[in-house]
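Since the structure comes first, as structure tokens, the remarks are kept for the end.
The model shown is predicted, which means the values in this text are computed figures rather than measured ones.
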Amino acid sequence: MNDIFQGLNTRQREAVEATEGRIRVVAGAGTGKTKALTHRYAYIVNVLGIDPANILCLTFTNKAAAEMRSRISAMVQSGDYNDFVCTLHGFCVKFLRQEIYRLGFPKSFTVLDEEDSKAIAKQTMDEMGIKRTEKTVKQFLEAIGAEKALNGYIQTYMLPGSKISDEMRRTSRLCGYVSRQMKHYALDFDDLMNVTKYILDHFPDACEHWQNALNYIMVDEAQDCNLDDWDLLERLSAKHRNLFVVGDPDQAIYQWRGARPDLFVQFAADKTIILDENYRSTPRILDIANCVISNNKNRIPKDLFTRKPEGRAVIHFHGKSEKEETEWIVSQIKAILSGGARPNQIAILYRSSYQSRALEQELLNAHLEYAIWGGTRFFERKEIKDALAYLHLVNNQDDDLSFERIINVPSRKLGRKFLDSVRALSESRGISLYSALQIQGDVKAAGFIGLIEDAKQYAREHRVSDLLNRLLDRSGYKQMVREDQDEDRLENLDELLSSIRFYESVRTPEESTLADYLQDIALYTNEDHRKDTPTIKLMTIHQAKGLEFPYVFIFGLSEGIFPNMRTIREGKTEGEEEERRLMYVAVTRAQQALFLTESEGFNISAKTNKYPSRFLAEIKRDLLVTEGVVSPELWKGTKNISHVLDEDFEDERADYNNSPFHLGDTVTHPVFGEGRIVGANKDYTSFEVEFDTGSTRTLRAGFLKQSDLPE
């Protein structure tokens with residue numbers, strides 16, 4: 001018992017001993033929440049004597065679950081923990097292995113991964129005569145997921161005796177997709193949760209068995225739970241009411257994936273414990289984090305503190321250009337390394353993946369090894385390699401690799417048989433594929449040949465940046481990316497064009513020809529970066545969640561970039577608060593030193609001049625040491641942009657005030673019965689309603705009525 005409490009502070013110990021009832025632990029960044037959770041598991045087993053088979057301990061990633069199992073195994077006797085230390089969907093699989101026989105499935109049912117789901121989608125689309133591209137397959141699967149959320153598909157298509165005609169398969173995408181799943185007794189990711197909930201709803205004995213069995217339920221990262229997750233947790237814990245949720249609304253950065261941090265904030269707890277002693281960062285870093293996040297409203301108030309020494313001052317660097325900003329970062333990294341730090345102790349964080357380009361080039365110039373964490377290097381991204389392949393082919397028509405890459409991107413309807421004949425001609429005559437295409441001749445190929453020949457002429461008198469812009473437009477490549485609705489890829493293409501314009505601005509026209517540019521860029525793309533040496537880490541802030549580094553740089557703190565303008569325009573107040581939580585997450589990754597950087601110039605994302613981020617403006621000046629001169633006009637620009645958006649928020653607040661319903665209201669529907677408002681669209685014209693039957697629907701206001709209040 002003494003071992004269980006060893007190393008715990010007062011509040012962590014309080015969380016460990018709070019075993020009965022609905023307990024909420026608000027755990028700030030770096031406050032040892034995993035320690036509290038795993039020690040609590042050991043306390044329940046070692047001190048209370050509960051069988052591990054009666055404890056469910058959930059988290060959101062397999063990596064986190066493995067870490068928990070490892071820590072628990074060191075504190076309990078061998079065998080005193082089980083498979084119920086897992087992810088939420090991992091639990092659903094274990095549940096269904098025991099219960100899915102009720103739907104006529106074998107215990108050995110298949111769980112579909114992403115590629116399996118795509119394969120079934122493609123088969124279904126082919127049968128229905130739907131055009132099949134990467135974009136349409138992705139949209140098809142998104143539509144299937146949405147229909148499964150709203151449709152009683154389990155009763156209609158998956159139960160024994162379900163009648164599915166060929167006509168239904170041909171005319172209903174959901175029917176076609178699910179019927180193919182059924183041939184293999186296969187469930188996709190959405191089904192795992194949906195079928196689990198269906199069995200709990202429709203088989204009272206199964207529901208009673210699991211409610212009885214799970215004496216204690218513990219949930220990590222509960223701020224990331226969506227509505228279905230919360231619904232399942234509430235059902236499973238209904239008998240014993242021992243539901244222990246750990247999370248931090250200030251680190252909720254996945255609302256775009258359906259997370260509902262407001263449900264953690266509104267959680268009806270018998271007891272709330274706040275972990276606010278940070279073991280990661282210095283006081284100066286925590287002052288920055290507290291200062292920024294205090295501007296959010298949808299949170300549970302707390303101020304992180306630490307017993308660590310004061311530490312280094314937090315530096316805000318303002319550059320006159322992005323080049324100056326990246327050069328300053330590299331100079332600071334060199335100083336840190338010369339002081340004895342290792343490269344893998346340094347991380348550079350940014351809001352969007354396209355921002356890595358400027359950093360990568362500066363690090364390469366300085367011969368500093370780096371790695372893109374959880375992502376792809378800028379010049380290795382598909383859209384960048386495609387764009388450069390167009391330039392390579394214009395520069396050299398003998399470049400067969402570039403030809404193969406782009407001949408059908410975007411699709412030109414050049415079939416495999418035709419292209420095989422082009423390859424055969426190329427080999428038999430010893431000529432390039434492009435020359436073989438010109439000889440072969442084809443109406444469909446004529447457009448591609450015309451595009452390259454036009455570009456060859458254009459390149460003689462125009463800059464590389466103008467040439468690439470023309471190629472991306474005339475080839476239809478940009479239009480293809482726009483239709484895919486992939487903003488990241490569009491931003492990457494814009495960043496490539498921006499980098500070429502910078503390349504041209506610092507060289508004479510004679511030094512920045514197409515051949516010169518391609519030769520120079522090859523030095524960046526051909527370097528060997530696959531050494532196993534520790535490297536500086538570059539990553540988006542989303543990828544940094546859960547990590548920590550002694551030295552952290554937050555790069556590109558400009559309005560429109562971070563916070564992201566699109567997120568704020570689309571999400572308004574919620575969007576701004578999510579961006580501020582991202583800033584909080586970024587700041588709290590730092591252990592010893594934090595550097596915040598931004599620069600003047602043109603913002604390619606927002607298509608405006610660059611101004612310092614509002615998050616910098618929210619930090620008290622005495623908490624920062626500023627290097628570089630920020631003119632009052634720039635801060636005024638920051639304020640003006642924020643003010644324009646504040647007017648948008650006023651419109652949103654007006655919509656809310658005039659709304660017929662609000663969060664938590666009880667309403668009735670003529671078909672679905674009585675339910676509770678749990679969400680709304682941006683204009684408060686449609687509402688998400690959770691009905692007493694357990695189902696959730698999104699319904700227009702006109703179809704709902706306020707429930708009669710009791711007299």
| message | Could you go through E277 and F305, starting from their C-alpha distance and side-chain angles, then the distance that decides it, and tell me whether this counts as side-chain contact (heavy atoms from CB on, under 4.5 Å)? | response | CA-CA 5 Å; E277 181 174 356; F305 74 94; 3.6 Å; yes
| query | In Å, rounded to the nearest 0.5 Å, how long is the span from OH of Y503 to OG of S465? | reply | 12.0 Å
| said: Pair V314, I285 - check side-chain contact (heavy atoms from CB on, under 4.5 Å), show working. | reply: CA-CA 7 Å; V314 176; I285 292 168; 4.3 Å; yes
| Exceeds 12 heavy-atom contacts within 6.0 angstrom, atom NZ of K382 | yes
| query | Stepwise, does the salt bridge (charged side-chain N to carboxylate O under 4.0 Å, His left out) test hold for E67 with K63? | reply | CA-CA 6 Å; E67 171 67 17; K63 182 181 176 183; over 6 Å; no
| query | Where does the angle between the aromatic ring planes of Y458 and H462 fall among parallel (under 30°), tilted (30 to 60°) and perpendicular (over 60°)? | reply | parallel
| message | Taking T626's backbone N and O only, do any of them form a donor-acceptor pair with H318's side chain (distance below 3.5 Å, no angle check)? | response | no
| Once you round to the nearest 0.5 Å, how far does CD1 of I348 lie from CD1 of I329? | 5.5 Å
| query | Which of these, N469, L497, I500, N395, sits in a side-chain contact (heavy atoms from CB on, under 4.5 Å) with V464? | reply | I500
| request: Check whether the side chains of E324 and S321 place a donor and an acceptor atom closer than 3.5 Å, and report yes or no. | output: no
| task | Verify the distance criterion only: is there a donor paired with an acceptor across the side chains of R381 and S356 at less than 3.5 Å? | result | yes
| message | Whether K636 and E633 form a salt bridge (side-chain N of Lys/Arg under 4.0 Å from carboxylate O of Asp/Glu) is what I want to check. | response | yes
| More than 12 heavy atoms of other residues, nucleotides or ligands under 6.0 Å from CZ of R621: is that the case? | yes
| said: Taking R614 first and then E579, would you say they form a salt bridge - that is, a charged N and a carboxylate O separated by under 4.0 Å? | reply: no
| query | Any side-chain heavy atom of L582 sitting closer than 4.5 Å to one from R351? | reply | yes
| query | Between W328 and F317, what is the ring plane arrangement, given parallel below 30°, perpendicular above 60°, and tilted in between? | reply | parallel
| field | Sidechain-backbone polar pair: N296 side chain, N298 backbone, donor-acceptor under 3.5 Å | value | no
| field | Any donor-acceptor pair under 3.5 Å from N290 side chain to D287 backbone | value | no
| Checking T513 side chain against E510 main chain: does a donor-acceptor pair fall under 3.5 Å? | no
| task | Mind checking the CG-CG spacing from L368 to L337? Nearest 0.5 Å is all I need. | result | 6.5 Å
| message | Quick check for you: to the nearest 0.5 Å, what is the distance between E559 atom CD and L634 atom CG? | response | 12.0 Å
| task | Please step through side-chain contact (heavy atoms from CB on, under 4.5 Å) for the pair D250 and K302, ending with a clear verdict. | result | CA-CA 10 Å; D250 291 340; K302 67 178 183 307; 2.7 Å; yes
| For residues S281 and K308, is any side-chain donor paired with an opposing acceptor at under 3.5 Å? | no
| Just wondering, more than 12 heavy atoms not from R482 lying within 6.0 Å of its CZ? | yes
| field | Pair K297 + E577: basic N to acidic O under 4.0 Å | value | no
| Quick one: ring pair (Phe, Tyr, Trp, His ring centres under 6.0 Å) partners of F553, sequence neighbours excluded? | F595
| note | Exactly one candidate in E495, E491, E380 meets salt bridge (Lys or Arg N to Asp or Glu O under 4.0 Å) with R357; the answer is E495
| Quick one: do R580 and E576 make a salt bridge, cutoff under 4.0 Å? | yes
| task | Quick one: closest heavy-atom pair of Q12 and G7, and the distance? | result | OE1-O, 4.0 Å
| message | Within the supplied structure, the quantity of interest is the number of heavy atoms (other residues, nucleotides, ligands) at a distance under 6.0 Å from E461 CD; does it exceed 12? | response | no
| said: Apply side-chain contact (heavy atoms from CB on, under 4.5 Å) to residues L538 and L363 and explain how you reach the verdict. | reply: CA-CA 11 Å; L538 275 63; L363 290 164; 3.7 Å; yes
| note | Smallest heavy-atom separation, E618 atom then C291 atom, equals O-SG, 3.3 Å
| field | Pairing of D276 and R11 as salt bridge, 4.0 angstrom limit | value | yes
| Is there a side-chain contact between I561 and Y354 (heavy atoms, below 4.5 Å)? | yes
| request: Start with the C-alpha gap between E627 and H316, add the side-chain angles, then the distance that decides, and say whether side-chain hydrogen bond (donor to acceptor under 3.5 Å, both in side chains) holds. | output: CA-CA 6 Å; E627 294 191 18; H316 163 215; over 6 Å; no
| task | Quick one: closest heavy-atom pair of V481 and L490, and the distance? | result | CG1-CG, 3.7 Å
| note | Rounded to the nearest 0.5 Å, the OG atom of S475 sits from the CG atom of D386 at a distance of 9.5 Å
| query | Hey, is E600 close enough to K320 for a salt bridge, meaning N to O under 4.0 Å? | reply | yes
| task | May I ask you to decide if N278's main-chain N or O and T306's side chain share a donor-acceptor pair within less than 3.5 Å? | result | yes
| If you measure only the distance, is there a donor-acceptor pair under 3.5 Å linking the side chains of Q255 and R581? | yes
| request: Taking the side chain as every heavy atom from C-beta outward, state whether F615 and V587 have any atom pair closer than 4.5 Å. | output: no
| Closest approach of P249 and I300, non-hydrogen atoms and distance? | CG-CD1, 4.3 Å
| query | Is any side-chain heavy atom of L391 less than 4.5 Å from a side-chain heavy atom of V394? | reply | no
| request: Looking only at non-hydrogen atoms, find the nearest pair between Y477 and E383 and report the distance. | output: OH-CA, 3.2 Å
| Can you tell if the side chain of V292 reaches within under 4.5 Å of the side chain of Y584, non-hydrogen atoms only? | no
| Any side-chain heavy-atom pair from F378 and I372 closer than 4.5 angstrom? | no
| field | Euclidean distance, Y390 OH relative to I406 CD1, rounded to 0.5 Å | value | 5.0 Å
| task | State, yes or no, whether a side-chain contact exists between M583 and L557 at a heavy-atom distance under 4.5 Å. | result | yes
| task | For K478 and G476, indicate whether the former's side chain and the latter's backbone hold a donor-acceptor pair under 3.5 Å. | result | no
| Residue pair S512 / E504, side-chain donor-acceptor N/O under 3.5 Å | no
| request: Please tell me if the side chains of M539 and L547 come closer than 4.5 Å, counting only heavy atoms from C-beta onward. | output: yes
| said: To check you understand the geometry: which heavy-atom pair defines the closest contact between R284 and G311, and what is its length? | reply: NH1-O, 2.7 Å
